[in-house]
Amino acid sequence: MRDVLALLTAGTGLFFLGLHLVSSGFQDSSSRTLRGLIRRSTGTRWSCALVGVLAGVVMQSTSAVTTVLGSMATSGLIALRQALPIVAFANVGTTALVFATALDLRTAVL
């Protein structure tokens, strides 16, 4: 029982350490070109929705997307009005990933 608790604590610690490293990496890399790229890719609500779905699929965790976007908003890389649709559509991306894993792919392959 102690082994399971120790592994669970260590895994949670590594997860939050990874999130902290990603967040601090975004804060350190706030160059002019990165800011321009983020502004262009999150200019409209539809592009924010697409970024959110892709972030949900790639990161597979809405809490990780929220943490990264929170750190980006505090560092000034993204505005709060741009971050909120991304978080909302990250939920859609993670749900789509669950549905994709539940489908029988043999029919699509054949």
Side-chain angles (χ1 to χ4, degrees):
M1 181 67 184
R2 280 190 252 169
D3 294 339
V4 172
L5 186 61
L7 288 174
L8 183 66
T9 304
T12 305
L14 286 174
F15 173 74
F16 284 117
L17 176 67
L19 285 178
H20 174 71
L21 291 174
V22 166
S23 300
S24 64
F26 274 125
Q27 289 175 354
D28 293 340
S29 67
S30 60
S31 67
R32 183 176 296 206
T33 55
L34 181 64
R35 287 179 191 263
L37 178 66
I38 290 173
R39 279 195 195 105
R40 281 193 307 270
S41 65
T42 58
T44 64
R45 289 186 189 242
W46 291 109
S47 61
C48 286
L50 180 65
V51 169
V53 169
L54 290 175
V57 168
V58 169
M59 296 183 86
Q60 300 176 3
S61 171
T62 307
S63 59
V65 173
T66 305
T67 303
V68 169
L69 283 173
S71 67
M72 288 174 72
T74 57
S75 67
L77 283 175
I78 193 169
L80 186 60
R81 69 169 183 80
Q82 294 169 324
L84 291 178
I86 293 173
V87 170
F89 280 97
N91 290 321
V92 175
T94 55
T95 304
L97 190 63
V98 169
F99 280 124
T101 58
L103 294 176
D104 186 20
L105 295 178
R106 288 181 287 175
T107 307
V109 170
L110 292 175

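Computed from a prediction, not measured in an experiment: that's the story for all the values here.
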Same apolar cluster: I86 and M59, side chain cutoff 4.5 Å: yes

Hydrophobic cluster membership, L69 vs V51, 4.5 Å side-chain cutoff: yes

W46 vs L50 side-chain heavy atoms within contact, under 4.5 Å: no

More than 12 heavy atoms from other groups under 6.0 Å of CZ on F15: yes

Interatomic distance, D3 atom CG to L7 atom CG [nearest 0.5 angstrom]: 6.5 Å

Common cluster, V87/V92, ILVMFWY with side-chain heavy-atom separation under 4.5 Å: no

Shortest non-hydrogen contact between C48 and T42, atoms and distance: SG-O, 3.6 Å

Shortest non-hydrogen contact between S63 and S61, atoms and distance: OG-OG, 3.0 Å

For L80, the rest of its hydrophobic cluster, which grows through side-chain links under 4.5 angstrom: L84

